[in-house]
There are 2 protein chains.
Amino acid sequence: MQHLEPSIEQRLTAEGIRLTQGRKSTILAIASMDGPRTAAEIHARVGDLVPLSSLYRSLAVLTEAGVLSSQHSSEGVARFELAEWFTGHHHHLICVSCGSVVDVTPTDDQEHAMTQLMEEMASDAGFTVSSHRFEIEGTCPVCR
Amino acid sequence: MQHLEPSIEQRLTAEGIRLTQGRKSTILAIASMDGPRTAAEIHARVGDLVPLSSLYRSLAVLTEAGVLSSQHSSEGVARFELAEWFTGHHHHLICVSCGSVVDVTPTDDQEHAMTQLMEEMASDAGFTVSSHRFEIEGTCPVCR
DNA sequence: TTCCTTGCAAACGATTTGCATTGGA
DNA sequence: TCCAATGCAAATCGTTTGCAAGGAA
């Protein structure tokens, strides 16, 4: 993604969010890195163009608007990535050695099996399922 | 658990960890609350007996010793619970409305299916799996 | 007695916020 | 033009740490 995807631009406009230089570079930076990234990592990419405090504000706004999604890594730091409506549904492989995070997209069969498992496990407790997160920890090819 | 389980006591002794009053009440407090708990929640239970800084130190030591396990909730705060060798392997149902976390223990069939899925998804990326975390988000019976 | 553990207060890192200024629609 | 977005600095929150005093083995 060299330029902002029209679908993202549309979404921002639809949400009444101004498309500033800083936000453009923020989104492009996130798109250019694979796997969810921390504010610090993103800041290293966008450099002096966007100070940290502004970056945090943009990340919050973009997440709120559904352009980004965020989670917290095992160390407790927030990580951001493009939302699933854009990237497709996926899960994360996390290297316990170097901390790198890689996306994995389940096949339809796998996703179906996972959804079924989830429903089974949740229904006993009376929960209505809205989403799930599956994190696989292991050792990446580089660290092995 | 009114008194500290012998197996836990043994483990602490084996790890060369002193069993102090504060640590006893900390473990008992965690055992008495279902699902993983934050330091603040635990502190509210043990009260003035254990100041926050000492509590954090104990939690770190007990986690290191394998008596507790910790993760970070979606808001980025650390949550502690008894380790799986004691409670058994399980996953978490998280209420998106009130934030409560409930344990769910998969059946052998479910766990087997999950392990298989995980291996499939990880092997493509060349990862060697060491553990997994499955978090189901939804609405609890109380909030529904 | 000997170290490990505690308690306090101060330090930390990640994230948030108040306020005056700037820039996009 | 006008209000949302920015930049800076200061504040906040969860968590960690230095150091002297206390307590388990």
Side-chain angles (χ1 to χ4, degrees), chain A residues 3-4 6 8-30 36-65 67-80 99, chain B residues 4 8-27 29-30 36-65 67-80 99 101:
Chain A
H3 300 287
L4 219 48
I8 292 181
E9 224 165 300
Q10 280 162 26
R11 178 137 191 163
L12 290 174
T13 310
E15 298 273 344
I17 290 174
R18 287 188 188 168
L19 192 52
T20 65
Q21 269 313 311
R23 288 177 182 174
K24 262 184 208 163
S25 5
T26 298
I27 297 171
L28 288 173
I30 293 173
R37 295 294 161 185
T38 66
E41 288 168 344
I42 300 163
H43 182 242
R45 278 287 181 102
V46 293
D48 299 329
L49 210 137
V50 183
L52 254 185
S53 68
S54 302
L55 177 58
Y56 273 111
R57 261 192 282 234
S58 289
L59 292 171
V61 167
L62 294 171
T63 301
E64 179 67 26
V67 171
L68 301 181
S69 76
S70 76
Q71 353 119 203
H72 282 263
S73 68
S74 47
E75 316 92 62
V77 273
R79 288 179 170 273
F80 301 83
Chain B
L4 218 49
I8 292 181
E9 222 164 304
Q10 280 161 25
R11 179 137 191 161
L12 289 175
T13 309
E15 297 275 344
I17 290 173
R18 288 189 188 168
L19 192 52
T20 65
Q21 268 312 312
R23 287 177 182 174
K24 263 184 208 162
S25 5
T26 299
I27 297 172
I30 293 172
R37 297 293 161 185
T38 66
E41 288 168 343
I42 299 164
H43 182 241
R45 278 284 181 102
V46 293
D48 299 327
L49 210 137
V50 183
L52 254 185
S53 67
S54 301
L55 178 57
Y56 272 111
R57 259 192 282 233
S58 289
L59 292 172
V61 167
L62 295 171
T63 302
E64 179 68 25
V67 171
L68 302 180
S69 76
S70 77
Q71 355 120 202
H72 283 264
S73 68
S74 46
E75 317 92 62
V77 272
R79 288 179 172 273
F80 300 84
V101 184

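Basis for what follows: all heavy atoms, side chains included, without hydrogens, waters or symmetry-related copies. Here is how names work: the chains are called A, B, and so on, in the same order as the sequence lines, proteins then strands, and each is numbered from 1.
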Q.
Return whichever of B:S53 or B:I17 has its heavy-atom-nearest nucleotide of DNA chain D closer to the 5' end.
A.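 It is B:S53, whose closest nucleotide lies nearer the 5' terminus.
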
Q | Rounded distance (nearest 0.5 Å) linking atom NE2 of B:H43 with atom OG1 of B:T26 | A |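 The distance works out to 9.5 Å.
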
Q | Straight-line distance of B:R79 CZ to B:L68 CG, nearest 0.5 Å | A | 14.5 Å

Q) Given that B:S54 and A:A60 both sit by DNA chain C, which one's nearest nucleotide is further toward the 5' end? A) B:S54

Of the listed nucleotides [options], the one nearest the side chain of [X]:
{"X": "A:Y56", "options": "C:dC4, C:dG23, C:dT15", "value": "C:dT15"}
{"X": "A:R57", "options": "D:dA25, C:dT6, D:dG7", "value": "D:dG7"}
{"X": "A:P51", "options": "C:dC4, C:dA14, D:dG7", "value": "D:dG7"}
{"X": "A:R18", "options": "C:dT15, C:dC4, D:dA4", "value": "D:dA4"}
{"X": "B:L19", "options": "D:dA25, C:dG7, C:dT16", "value": "D:dA25"}

Under 4.0 Å between any heavy atoms, over every strand shown, what does [X] touch: base, sugar-phosphate, or nothing? Just pick one.
{"X": "A:S58", "value": "sugar-phosphate"}
{"X": "A:A78", "value": "sugar-phosphate"}
{"X": "B:L55", "value": "nothing"}
{"X": "B:T20", "value": "sugar-phosphate"}

Q) Does A:S54 use its side chain to pair, donor to acceptor, with the backbone of A:V50 at less than 3.5 Å? A)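 Looks like no, no N/O pair under 3.5 Å.
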
Q.
Donor-acceptor pair, distance only, cut-off 3.5 Å: does the side chain of B:R23 make one with the backbone of B:S58?
A. no

When the distance from [atom1] of [X] to [atom2] of [N] is rounded to whole Å, what number comes out?
{"X": "B:F80", "N": "D:dG14", "atom1": "CZ", "atom2": "C1'", "result": "11 Å"}
{"X": "B:L52", "N": "C:dC8", "atom1": "CG", "atom2": "P", "result": "12 Å"}
{"X": "A:L62", "N": "C:dT15", "atom1": "CG", "atom2": "P", "result": "16 Å"}
{"X": "A:E41", "N": "C:dG13", "atom1": "CD", "atom2": "C1'", "result": "15 Å"}
{"X": "A:R37", "N": "C:dA14", "atom1": "CZ", "atom2": "P", "result": "16 Å"}
{"X": "A:E9", "N": "C:dA25", "atom1": "CD", "atom2": "C1'", "result": "13 Å"}
{"X": "B:L59", "N": "D:dT16", "atom1": "CG", "atom2": "P", "result": "9 Å"}
{"X": "A:H72", "N": "D:dT15", "atom1": "NE2", "atom2": "P", "result": "11 Å"}

(Q) For B:L4 versus B:K24, what's the shortest heavy-atom pair and its separation? (A)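 Smallest interatomic distance, heavy atoms only, reads CD2-CG, 3.8 Å.
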
Q.
Regarding C:dG23, can its base be found pairing with the side chain of A:R23 as donor and acceptor, where the two atoms are less than 3.5 Å apart?
A. no

Q) Counting only distance, no hydrogens or angles, is the base of D:dG14 paired donor-acceptor with the side chain of B:R79 under 3.5 Å? A) no

(Q) If we check side-chain contact (heavy atoms from CB on, under 4.5 Å) with A:F80, which of these qualifies: A:V67, A:I27, A:T63? (A) A:T63

